[in-house]
Amino acid sequence: MTITASIFTFPLAQPVAIFLLVLVIILAGPLLFRPLKIPSLVGFIIAGVVVGPYGFNILARDSSFEIFGQVGILYLMFLAAVEIDMFHLKQNSRKGIMFGLITFAIPMVAGIFGSRLAFATSWTTSVLIAAMYAAHTLVSYPIVSRFGLQDSKASVVAVCGTIVAVLLALVTLAEVVTVADYGRFSIASLLRLVLLTGVYAVVVGWTFPRMTTHFFRRIDDTVSQFIFILAEVLAASMLAQLIGLESILGAFYAGLVLNRYVPGRSALMGRIKFVGNAIFIPYFLIGVGMLINIHVVVRGWNVAWVAANMTVVALGSKWVSAWIAQKMLGMTRVDRNIIFGLSAGKAAATIAAAIIGFQHGMISENVMNGAVVMILACCVVSTIVTESAAKRLRIQLTEAELSQENATIPGEFARQLVAVANPVTAEGLMKMAVFMRHPRNRHPITALYVRRNDDAASVAMGRNALRAAVTAALAVDIEVKDVERYDLNIVAGVKNVVKETGSSDIIIGLHRRSNIVDTFHGQMVEQLLRATDKMIFMSRCFIPVDTVNRIMVSVPRNAEFETGFQAWVERVANLTSQLGCKVIFLAYSATAGFISNIIEEEKYAIRHEYHILECWDDFIIYSAQIDEDDLLMVVSARKGSVSASSDSSDMPTFLARNFSRQNLVVIYPQQFGG
């Protein structure tokens, strides 16, 4: 066969032609369906029906759809877990488990008795069909993610409930098959599965974080990090299959384990979301559409009746579950619709149950075809309901944010200036600035390189540092203005650019002592402290900041009386939220109370603890507990300020003597009105 003939023979068999058509569908699908108010996810499924073997037979559901489709559903479950804020997950875990039990039990009961009455099936087959109703897939989760609602209570409850419901449904499915094959229920096989699941959770939960930390600290290339994370997700999925669980559970668990290593505002998260939303998830949805044979519905009333019955029971039982959860958990109608939309979708687990049941002779061909049509109907309803509810919830949250923003002092968001000179540390400084930003901060970051001469080597090094800093900011879609300035000295250059840009925060690298008579801060920083009252962050991290295990913040007495007190607390809270770690404040009793009030009033969802200081010796004791994986942040004080004391004067010497190998950020808050 000639190349021309192979390209234009249907179904397409030429790899390039297949991939090109899929890309055209991914590109044009949303554009075509948007005017019709049809969500893009539904559009992909419909496109799969049209071009698939039961449509115009343009594409066959070959191995590429098997591979990309399987990876797509794993990617979907991984994204759902890695995007969740772990604080919100722990806060709503009980509610999620409760919803999972509800959304499993009600469809099971409705499915068992409904199938007995409608289809006159055996008890075993009825339980199998009920397991199809109970299991669901987060098909519409990308909609929630697109609207930035992944941390909303409804979304977290739905995602947590999904894992509970799917796990119970798959265990039920396994036991039903055992009964069908051996004629009895095996308690031994169930106990074996529970034991292996526990071992699996411990092994993956212990080894994956350590491997990831080790890899990330040695390889800073985001492409390599992305490949490593994807390999871990697939490995966790394969291990889950080996012990008898479904691979989607392994992908979700991998997302939870790796959550803190993928900050929301990081280049790695950007790559993960981009690849998933651009390739894997659309491929999966198109593949689901290719399974659906619409013709079987119109051939006779039997399949149409079965499909209609299964669709009504599946959607009805999920809606009742969401309604009960709404009443029990004190949620709103919009929350209920989010929960229903996310839990109404059917895909991976339902398809697996239908195929297994058909292969074991437990369900008829009519029920098999009806299940496939039910999957299409549930996916359509799921995406439409989720899109509508997500829009309303986003509007409500935005209005609340705007009203809160109007009630606060204008211009509260930081205007950051990152001064760089060394390519080795420039990216880390910019990451620190990005992680300390408020999520709603839209001010651009100023990346600054100040040169004092025309020495070719130093100019080249400074420009490379500036380029590295700009690249790090652009990777997370943050506007950055790069400034190369020639000035008399670095302090004058920084001070002048601060005035020109109206910067409130200055982020610089911590001085490295060149000899024994050199001071801790260095002459340049000491001049800068005298030249400006703006907030200054001096950072030195020997490990990537996104692999920090915990943050310890040393706070001086009377720090709450400084002008920039609230500002630095918010920056630390933003950093903690992005890293997903715990922050421990080493503070005096009165100051700790003020810090806690700011965190609670600003609704920062972070884990925070307080170790109360009574004297300088207490800080020395607590500082001995700081490990290489931790980040020590020291809030210092300029001479003559309210919080300045003999202890704060001794701090630089203490840090120079005892913390030359630890990750350190020294903060000088804004003072005297800036």
Side-chain angles (χ1 to χ4, degrees), residues 30 33-46 76-77 79-81 83-85 88-89 91-92 95-96 98-100 102-103 106-107 133 135-166 273 277 281 285 311-312 314-347 374-403 439:
F33 287 103
R34 190 174 298 144
L36 302 176
K37 305 297 183 182
I38 298 177
S40 58
L41 301 183
V42 176
F44 291 141
I45 297 174
I46 294 175
L76 192 64
M77 299 302 293
L79 266 180
E83 282 192 308
I84 290 179
D85 186 287
H88 289 97
L89 180 63
Q91 197 175 45
N92 295 288
K95 296 178 180 178
M98 185 182 300
F99 170 67
I102 294 171
T103 199
I106 292 178
Y133 299 153
H136 61 265
T137 305
L138 298 170
V139 173
S140 59
Y141 182 80
I143 296 174
V144 170
S145 178
R146 175 159 50 89
F147 281 97
L149 300 174
Q150 60 269 21
D151 290 333
S152 66
K153 181 191 295 186
S155 300
V156 175
V157 167
V159 171
C160 186
T162 295
I163 299 307
V164 175
V166 170
K273 295 176 70 173
N277 293 329
I281 294 175
L285 295 171
T311 301
V312 169
L315 292 175
S317 59
K318 288 295 183 181
W319 188 92
V320 171
S321 301
W323 180 80
I324 292 176
Q326 174 204 350
K327 299 300 181 182
M328 292 182 63
L329 304 178
M331 294 183 170
T332 65
R333 292 179 61 184
V334 176
D335 291 334
R336 180 196 66 203
N337 289 341
I338 290 283
I339 291 175
F340 170 62
L342 289 173
S343 61
K346 306 285 183 187
M374 174 195 70
I375 290 171
L376 172 62
C378 289
C379 288
V380 171
V381 171
S382 170
T383 51
I384 291 175
V385 171
T386 303
E387 178 116 8
S388 176
K391 286 180 179 178
R392 290 200 297 271
L393 184 56
R394 182 71 272 167
I395 291 173
Q396 292 177 4
L397 294 177
T398 302
E399 289 176 347
E401 290 172 358
L402 290 175
S403 62

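Everything numeric here is computed off the predicted structure, so don't read it as measured data.
The closest donor-acceptor contact from the side chain of Thr103 to the backbone of Phe99 lies at 3.5 Å or more, if one exists at all. Between the Thr386 side chain and the Thr383 main chain, no donor and acceptor come within less than 3.5 Å of each other. A donor-acceptor contact shorter than 3.5 Å links the side chain of Ser317 to the backbone of Ala314. A distance-only check finds no donor-acceptor pair linking the side chain of Ser145 to the backbone of Tyr141 [under 3.5 Å]. Between the side chain of Ser155 and the backbone N or O of Leu149 there is at least one donor-acceptor pair closer than 3.5 Å. Arg336 places no side-chain N or O within donor-acceptor distance of the main-chain N or O of Ala322, the cut-off being under 3.5 Å.
With values rounded to the nearest 0.5 angstrom, His136 atom NE2 is found 9.5 Å from Ser321 atom OG. Once rounded to the nearest 0.5 Å, the distance linking CG of Leu285 with CD1 of Ile46 reads 11.5 Å. Between atom CG of residue Asp151 and atom CD of residue Gln91 there is a gap of 10.5 Å, rounded to the nearest 0.5 Å. Taking CG from Asn337 and CH2 from Trp323, the interatomic distance works out to 14.0 Å, rounded to the nearest 0.5 Å. Separating the CG atom in Leu393 from the CG atom in Leu397 is a distance of 4.5 Å, to the nearest 0.5 Å. We find the CD1-NZ distance between Ile339 and Lys153 to be 9.5 Å, quoted to the nearest 0.5 Å.
In this structure the side chain of Lys273 never reaches within 4.5 angstrom of the side chain of Arg146, judged on heavy atoms. Residues Asn92 and Cys160 have side chains not in contact (no heavy-atom distance under 4.5 Å, counting atoms from C-beta outward).
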Check against side chain to side chain contact (heavy atoms under 4.5 Å, CB included), Gln326 and Asp335: CA-CA 7 Å; Gln326 174 204 350; Asp335 291 334; over 6 Å; no
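Taking each heavy atom of Met374 and Tyr133 in turn, the nearest pair found is SD-CE2, 3.7 Å. Between Leu138 and Leu342, the closest heavy-atom pair is CD2-O, 3.8 Å. Among all heavy-atom pairs drawn from Met77 and Thr162, the shortest one is CE-CG2, 4.4 Å. Here the closest non-hydrogen pair linking Ile45 and Cys379 is CD1-CB, 3.5 Å. Scanning both residues, Asn277 and Leu79, for their nearest heavy atoms gives OD1-CD1, 4.4 Å. Nearest heavy atom pair, residue Gly148 against residue Arg394, reads O-NH1, 3.6 Å.
Met331 CE: more than 12 foreign heavy atoms inside a 6.0 Å radius. Taking a 6.0 Å sphere around CZ of Arg392, one finds it holds more than 12 heavy atoms contributed by other residues, nucleotides or ligands.
Donor-acceptor pairing under 3.5 Å is lacking for the side chains of Lys346 and Thr137. Side-chain atoms of Ser140 and Ser382 include a donor-acceptor pair closer than 3.5 Å.
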